[in-house]
2 protein chains.
Amino acid sequence: MTANTGSPRSRRERPAKPALSRDGIVSTAVGLMRAEGLGRVTMRRLAQELDTGPASLYVYVRNTAELHAAILDELLGAVDLSPARTPGDWRERLVRVLTSYTEVLFENPGLAQSALVARPSGQHYLDLLEALLSLLDEGGVPAGQAAWAVDLLLQHGTATAAEHAAGNGAGNGATARKGEWDAVAAALRDVSEQTHPRLAALGTELLSGTGPDRLAWGFHLLINGTLHTPRPDAAPAEDRRPAPAPTEGHRK
Amino acid sequence: MTANTGSPRSRRERPAKPALSRDGIVSTAVGLMRAEGLGRVTMRRLAQELDTGPASLYVYVRNTAELHAAILDELLGAVDLSPARTPGDWRERLVRVLTSYTEVLFENPGLAQSALVARPSGQHYLDLLEALLSLLDEGGVPAGQAAWAVDLLLQHGTATAAEHAAGNGAGNGATARKGEWDAVAAALRDVSEQTHPRLAALGTELLSGTGPDRLAWGFHLLINGTLHTPRPDAAPAEDRRPAPAPTEGHRK
DNA sequence: ACCTGAACACCGTTCAAGT
DNA sequence: ACCTGAACACCGTTCAAGT
C-alpha cells in the first residue's frame, strides 16, 4: 500500500526511480551480477545502477560482505530441495541436494568465496539446512553428529566451488586458473623420488578424476565419516542413555 | 657472487637498495605481512617498501594471486611435520600435522582465503603433501583413496581458517565477524517449529562446540570416511588385483 | 634485458550537510 | 529520518619510454 510514492513525472528513460529498500537493493544486485558478473557488483557500481550515490546504500546494508551474503541467500532459492521429500536411498538424495547447492555456487565462484567468510542467514539458507538435517535424520545419524556434520557437508561444496574463482568475476578466469593448475602439475612432475617418494609414486594420480566425481566422492566420504565418528563431547557417562537406539531406517 | 652490486654510496636510511629478485620480493612481502597484515600487502605498498614502482614487480610475479601463493608457501615452512616421523597412533599424528597446518593459516585467515583459489606449489607445500601421504599409507589407506583424501583434509583446514577472515586483514575483523555470527544465531533462534522442525529442535546445538574441537572432529571424520569410501573408478573388474592386500600396519 | 613514470579505470567507507 | 555530494585513502594492471 505504501508502494507507489512519488510524482507521475518520470525521469527520462528509467521506469521511474524506485524508492530505495533493502530488498530492492539486493534484487538489483542479483540482476547486476547476472548481467555483468560478481566483480561488477560493487557498492559504487550498484549505486550507479540505482541512480544514487554509494553512501545511500549504507543505510540498508552494513558493508560489502553483508551484501554478498544477501545475494547468495537469494540465489540459494534455486537449490533443488525436492530429493528431501521423495523416496529412495537417503545418501543418494542427500548427495543430490548438496550437488545442487554446489552447482549454484559454481555459477558464481566468487560468491562461494564470500560465503566462507560471510555466511548467509536468510530464508533459503534455513530451508537448505532443514532439508539436510531431515535427510541425515532419516539416515539414522544421531542429532549431535548431524548438527556438526551439516557444516562440514556445506563447507565441502562451498570450498570446492570457491576453488574455481579467479580474480573477481570478469573474463580473465580461465587463463589465470590454467596457470595455477599447471604450476601444481609441473611441481608434481619434477618432484624427486629421493625426497618425496610417495608424491613421486602417485604422480598425477593426485590430480586425477573429474570434478563431479571428486565432489560426489567427497560427499559420500563425509556421510560415511559422519556415521562412524561420534562427537567428542558425547555426554558424560552418567548422563548417557543406554544405547542411542537407532532411528528408523538406520543404515538402510 | 653476483650479490653486492651498486656503488658504496647508500641512500640515506635504507641499508642499500637491494637488487630486485623474486625471492627478495616474496620475503619482503612476508615481512610486510607480519608487520602490517595481509591487507597491506598490495602491489603498490610492496613496491613502495622495495623503493620502486608497482610495475617493476610484474617482472617477477604474474599477479597478486601468485604473490599470495608464494607468501603462503613460505609460511608453510612453519608447519610441524615431525609427527610424520615419530611413533604412535597414525590418526593422532595425522591430525597433529593437519592442526599445525590450520594453525599457521589461522594466523592469517586472508591467506587461507587466497589458498583456496591460488594453491601454493612450492617446496613447503610438497613437503606437507608428502608427510600426509606417508601417514595415510602407514594407516593402510589404499593409495588411490589417499591421493584424493589429501585434498579433502587440507581443504577442511583451509576453509575453516578462511572462515575467520573478515575484510582483508586490518583490525575491523572481530567486530565484523560478531555481526555475521549473531545474524546466524538470531536466524536460528527465530526459526519456526512449523516450517523448520529439525532446526528448531537442534537450536544452538548447530553452533555448539569450540573451534578446536570441531576442527579435530572434522579431521577424524574425514579419516574415518576415507577408510570407508572406495573410489568410484576403483579399476574395472578384469584389471583388479584379487584383494588389495592391506599394507603394513593396516588399521593399526 | 630490465626497469619504471604515469596513466587508466576503478575501489570501500565516512561524514558533514542537506531535505 | 532519510538521503547524498564530496572527499579520504587507497586499489591492480598496462604500456610507452627510458637505461
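First the proteins, then the strands, lettered A, B, ... as listed; each starts at 1. Not measured: the values here are computed from a predicted model.
Ring geometry for A:H164 versus A:F106: interplanar angle of 30 to 60°, hence tilted.
Between B:M43 and A:A55, it is A:A55 whose nearest contact on DNA chain D lies nearer the 5' terminus.
A donor-acceptor contact closer than 3.5 angstrom is absent between the side chains of A:S21 and A:D23.
In this model, the phosphate group of C:dT13 is approached by a side-chain N or O of A:T64 to a distance below 4.0 Å at OP1 or OP2.
Here the rule is side-chain contact (heavy atoms from CB on, under 4.5 Å) with A:Y101, and of A:L153, A:L154, A:L81 only A:L154 fits it. Residue A:L111 forms a side-chain contact (heavy atoms from CB on, under 4.5 Å) with just one option from A:L38, A:T158, A:V104, A:V41, and that option is A:L38.
When each of D:dC3, D:dT13, C:dC3 is scored by its nearest atom to the side-chain atoms of A:Y60, the top-ranked nucleotide is D:dC3. Comparing D:dC3, C:dT13, C:dC3 by their closest approach to the side chain of A:Y58 singles out C:dT13.
Within 4.0 Å of B:T42, counting heavy atoms only, lie sugar-phosphate atoms of the nucleic acid but no base atom.
One atom, CD of A:Q48, and another, P of C:dA9, lie 14 Å apart when rounded to the nearest Å. Rounded to an integer number of Å, the gap from B:R40 CZ to D:dC11 C1' is 12 Å. Atom C1' of nucleotide D:dC2 and atom CG of A:L57 are separated by 13 Å, given to the nearest angstrom. In this structure, A:E36 places its CD atom 11 Å from P of C:dC10, rounding to the nearest Å. Taking atom CG on B:L46 and atom C1' on D:dT13, their separation rounds to 15 Å, with Å as the unit. In this structure, A:R44 places its CZ atom 13 Å from P of D:dA6, rounding to the nearest Å. The distance between atom CD1 of A:I25 and atom P of D:dC2, rounded to the nearest whole Å, is 13 Å. One atom, CZ of B:R45, and another, P of D:dA9, lie 15 Å apart when rounded to the nearest Å.
Looking at DNA chain D, the stems built from 3 or more consecutive Watson-Crick or G-U wobble pairs, each pair with its key distances under 3.5 Å, are C:4-8 with D:12-16, C:12-16 with D:4-8.
Looking only at side-chain heavy atoms (C-beta outward), A:N63 and A:H68 stay at 4.5 Å or farther from each other.
Residues A:H156 and B:Q155 come closest through the heavy atom pair ND1-OE1, 2.8 Å.
Electrostatic pairing of A:D73 and A:R119 does not count as a salt bridge here, judged by no charged N lying under 4.0 Å from a carboxylate O.
Nucleotides C:dA9 and D:dA9 have their P atoms positioned 25 Å apart, rounded to a whole Å.
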